[in-house]
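Computed over heavy atoms, backbone and side chain alike; hydrogens, waters and symmetry mates excluded.
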Amino acid sequence: MAQPEALQVKPRKRRVGKVGGDSAGSPLTAHPSMRAEEASDLAGLLHALADPTRLQMVSLLAEHPGEVCVCDITRSFALDQSTISHHLRLLREAGVIACVRHGVWAYYFFHAGALEPIKQLLKQLERLEMPR
């Protein structure tokens, strides 16, 4: 059996004074503008939304003002009831949706303002992306 060919690694050139390179003689003074706690909270929110089924659920609830019965949500997806409950729980824990009970049924609704932190992050990144 033939030996695998060794990887050829090209050494990285040091670029002094250019974007992404080292600056001559000055220590790095860049700091993240977002606090660790804020980043953690935002990552949790983004993680809750980072699933196609959960995005569809949020869309369904946002498009229907008021409360939507869990039975209607379950009927809208080709998934087991336990899977639907799991997704709803993750969205609820992230604060994207809320739930109230009327008798034996749970009714879900989109939590107004839940996506505001994501909107603010995107606005901030968009401003940073603009040419200076």
Side-chain angles (χ1 to χ4, degrees):
M1 193 167 166
Q3 292 287 334
E5 203 171 306
L7 293 176
Q8 293 182 359
V9 179
K10 183 179 175 183
R12 182 170 178 245
K13 292 181 182 178
R14 292 178 57 94
R15 299 182 307 173
V16 178
K18 295 185 178 180
V19 175
D22 300 328
S23 58
S26 62
L28 180 65
T29 58
H31 300 285
S33 61
M34 184 182 296
R35 297 183 336 272
E37 181 182 331
E38 182 183 1
S40 179
D41 292 344
L42 194 53
L45 178 58
L46 290 168
H47 184 265
L49 293 171
D51 180 89
T53 301
R54 291 194 288 268
L55 281 174
Q56 286 180 303
M57 289 177 170
V58 170
S59 177
L60 176 109
L61 294 172
E63 290 168 1
H64 293 86
E67 302 165 353
V68 179
C69 182
V70 70
C71 62
D72 294 325
I73 297 171
T74 304
R75 241 189 325 259
S76 300
F77 296 91
L79 298 169
D80 293 338
Q81 181 274 327
S82 61
T83 304
I84 297 293
S85 294
H86 168 74
H87 287 303
L88 291 171
R89 178 181 57 82
L90 292 176
L91 290 170
R92 219 176 42 249
E93 288 174 353
V96 177
I97 64 173
C99 174
V100 293
R101 292 203 170 270
H102 298 291
V104 295
W105 294 107
Y107 290 81
Y108 289 86
F109 56 95
F110 180 70
H111 190 266
L115 303 181
E116 195 60 35
I118 295 173
K119 289 180 192 177
Q120 294 303 318
L121 173 67
L122 294 174
K123 285 179 185 176
Q124 178 184 5
L125 293 175
E126 186 177 46
R127 279 193 303 269
L128 294 174
E129 183 181 61
M130 296 176 84
R132 298 173 192 192

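Linking ILVMFWY side-chain heavy atoms closer than 4.5 Å, directly or via other members, places Leu90 and Leu46 in two distinct hydrophobic clusters. Under the 4.5 Å side-chain heavy-atom criterion for Ile, Leu, Val, Met, Phe, Trp and Tyr, Leu49 and Ile84 are members of the same hydrophobic cluster.
Taking every heavy atom of both residues into account, Arg54 and His87 meet most closely at NH1-ND1, 3.0 Å. Residue Val96 comes nearest to Ala114 through the heavy atom pair CA-CB, 3.7 Å, listed as atom of the first residue, atom of the second, then distance. Scanning all heavy atoms of the two residues, the minimum distance from Cys69 to Trp105 falls at SG-CE3, 3.9 Å. In terms of heavy atoms, His111 sits closest to Gly95 at CB-O, 3.5 Å.
Looking only at distances, a side-chain donor or acceptor of Ser85 sits under 3.5 Å from a matching main-chain atom of Gln81. Side-chain atoms of Thr74 come within 3.5 Å of backbone N or O of Val70 as a donor-acceptor pair. At distances below 3.5 Å, at least one donor-acceptor pair connects side-chain atoms of Ser76 with backbone N or O atoms of Asp72. Remark: the backbone N or O of Ser82 is not paired with any side-chain donor or acceptor of Asp80 at under 3.5 angstrom.
Using a 4.5 Å cut-off on side-chain heavy atoms (C-beta onward), His102 and Glu67 make contact. Between Cys99 and Tyr107, every side-chain heavy-atom pair lies at or beyond the 4.5 Å cut-off. Ile73 places a side-chain heavy atom less than 4.5 Å from the side chain of Tyr108. The shortest distance between side-chain heavy atoms of Leu121 and Leu125 falls below 4.5 Å. Residues Gln56 and Phe77 are in side-chain contact: their nearest non-hydrogen atoms beyond the backbone lie under 4.5 Å apart. Side-chain contact check for Leu91 versus Leu61: every heavy-atom pair is 4.5 Å or farther apart.
Under 3.5 Å, the side chains of Gln120 and Glu116 contain a donor-acceptor pair of N or O atoms.
The distance from the CG atom of Leu115 to the CG atom of Leu122 is 10.5 Å, given to the nearest 0.5 Å.
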